Amino acid sequence: MSADAALARVLAAIEGPTEAEWVHLADALGRVAAAPLTSTTDLPPWDNSAMDGYAIRSSDVAGASESAPVLLWVTGDVGAGTDPGDVAVARGSAVRIATGARLPAGADAVVPVELTTPADAAGGVVGSRGRALEGPAPVAVLVHAAVGAGGSIRRRGNDLQAGQAVIEAAMEIRPAAVAIAAGAGHDGLLVHRRPVVGIMATGDEIRRPGSDLGAAGIPDANGPALQALVADAGGDPRNLGVAADRLDDVRARLCAGLAEQPDAIVVSGGVSVGPYDHVRAIFAELGDVDLWRVAVQPGKPFAFGTAARPGGGAPVLLFGLPGNPVSTFVTFELFVRPALRRLGGHRRLARPVERGILVDETPKSEGRRAFVRVRAERDERDAIVRDAGGRPVVRLVGGVAGQGSHVLSALAGADGLAVIPEDVDVHPAGGEVDVWWLDRG
Ligand code: AMP
Ligand code: MG
């Protein structure tokens, strides 16, 4: 089966995104909006001042200049967060105002404090020009420049109008979306529930990382990796532990996992047709499952199916990934991550892809689409080096030997996967490839 056909089959098994739930803005980062969000308010909610200064009538200062300043009586003082009430600006007067304070009635402009000098009733200077707005307001102020109507005023609704859409459905919540949701008067919003994903590693040789390996053990790389991959894809990972290579243990753990009503279960290892490979048999007890020989490298074999959700609802997706850690990782990228993103409500399922130059000659197996671990060349500022055509320049991590499906060191050094198509047997040095950026959502 081709990689594209396999992905299409996986996606076809998904009925749609998870249901909506309300989350507080503090928990919204990275979630996907399940409904449009509209502003509860005009923003600003009232005309306000963009500067520290004096609210005035622009006609009063039309003739003001450095050589002929205009004297205005200061009849009030409005701080940010203060209702001006019946404080109003009458002809020939000014009201001291702070940035963000509501504009008093009668004013049509704000003159910045830098263009004024505090004065006494006779027009005598009593402080320095542009003095910071501290202490009590002066009785009068000299204005040294004309200010046009509307000057330094932010009008009500100039940013947002009540009822205006601020977040579209299916938009991923980034920090700026948190800012506008809050500015629009919301303390939370509806997002898709994180897909719940049960994760199980398998193998009699697999040991908890950090524990004694004994004579023939190897640390569990896939369990922790899958938890991180699921979380990174927007899912909620649930650990089903490491199953021994026995039917009863695989069955007990998968049944317990299914009882948690997950959206998907992802198993690593035990999926081939060897005498110790029980995952497919238990998947088949739980639901409908196929073993696919997907034409990808690394990766085959790969089991996929669905099981009825206990208690009803959308079927549970069952993924059996090959056990070699790099195969687990790559097949997750290819088939599980897009599925979790669709469940989570994302519109774009794939990683950002760019056309790049793979410097190294790279052999691969015939007829399979290879996903090789590469790293972009970077300059001293850590910016990606590009060729004259703007294409990123990438190299195999760990050389050709690093491409073994067990080589975690090369995987860990990679920031991308370069795709070598099925019909290429040896990628020529310096040839073009698609690069999937693993460090970008
Ligand atoms: P399997 O798919 O079960 O035949 O496993 C293939 C290879 O991957 C074997 O060398 C396993 O030891 C190794 N492997 C399987 N699961 C894990 C795991 N959780 N962590 C590290 N290596 C694993
Ligand atoms: Mg195994």
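Small disclaimer: the values here were computed from a predicted structure and weren't measured. The chain is numbered in sequence order, starting from 1. One-based numbering, in listed order, for ligands and for the atoms of each.
- By the 3.5 Å distance cut-off applied to N or O atoms, A221 is counted among the residues near ligand 1.
- Within ligand 1, the atoms closer than 4.0 Å to a non-hydrogen atom of D220 are 18 (C), 19 (N), 20 (N), numbered from 1 in the order shown.
- Polar contact with ligand 1: absent for V271 (N/O pair, distance under 3.5 Å).
- The side chain of E205, and not its backbone, has at least one atom closer than 4.0 Å to an atom of ligand 1 (non-hydrogen atoms only; side chain from C-beta on).
- Within ligand 1, counting atoms from 1 as listed, the ones closer than 4.0 Å to a heavy atom of T202 are 16 (N).
- Taking the charged nitrogens against the carboxylate oxygens, R355 and D434 do have a contact shorter than 4.0 Å, which makes a salt bridge.
- Here the heavy atom of the protein found nearest to atom 17 (C) of ligand 1 is N222 ND2, 3.2 Å.
- Scanning all protein heavy atoms for the shortest distance to atom 2 (O) of ligand 1 gives G323 N, 3.0 Å.
- Note: no N/O pair closer than 3.5 Å links D277 and ligand 1 by distance alone.
- The minimum heavy-atom distance linking D236 with V230 is given by the pair N-CG1, 3.9 Å.
- Every heavy atom of G203 sits 4.0 Å or more from the atoms of ligand 1.
- Regarding atom 10 (O) of ligand 1, its nearest protein heavy-atom neighbour is N324 OD1, 4.2 Å.
- When all heavy atoms are compared, the tightest approach of L317 to A339 is CD1-CB, 4.2 Å.
- Within ligand 1, the atoms closer than 4.0 Å to a non-hydrogen atom of A201 are 19 (N), numbered from 1 in the order shown.
- For the pair D159 and P44, the tightest heavy-atom approach, listed with the atom from each and the gap, is N-CD, 4.1 Å.
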Might you work through the side-chain contact (heavy atoms from CB on, under 4.5 Å) test for R207 and D212, ending with a clear yes or no? CA-CA 8 Å; R207 299 281 180 275; D212 181 15; over 6 Å; no
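- Put simply, part of P219 is less than 4.0 Å from ligand 1, judged by heavy atoms.
- An N or O contact shorter than 3.5 Å links G270 to ligand 1 by distance.
- Across all non-hydrogen atoms, the minimal contact from Q164 to L160 is OE1-CA, 3.5 Å.
- Here salt bridge (Lys or Arg N to Asp or Glu O under 4.0 Å) pairs that include residues 287-297, with residues two or more places apart or in two chains, are R9-D290.
- When W292, F329, F302 are each tested for a ring pair (Phe, Tyr, Trp, His ring centres under 6.0 Å) with F335, only one passes: F302.
- Taking a 6.0 Å sphere around CZ of R280, one finds it holds 12 or fewer heavy atoms contributed by other residues, nucleotides or ligands.
- Counting the atoms of ligand 1 from 1 in the order shown, those under 4.0 Å from a heavy atom of P325 are 21 (C), 22 (N).
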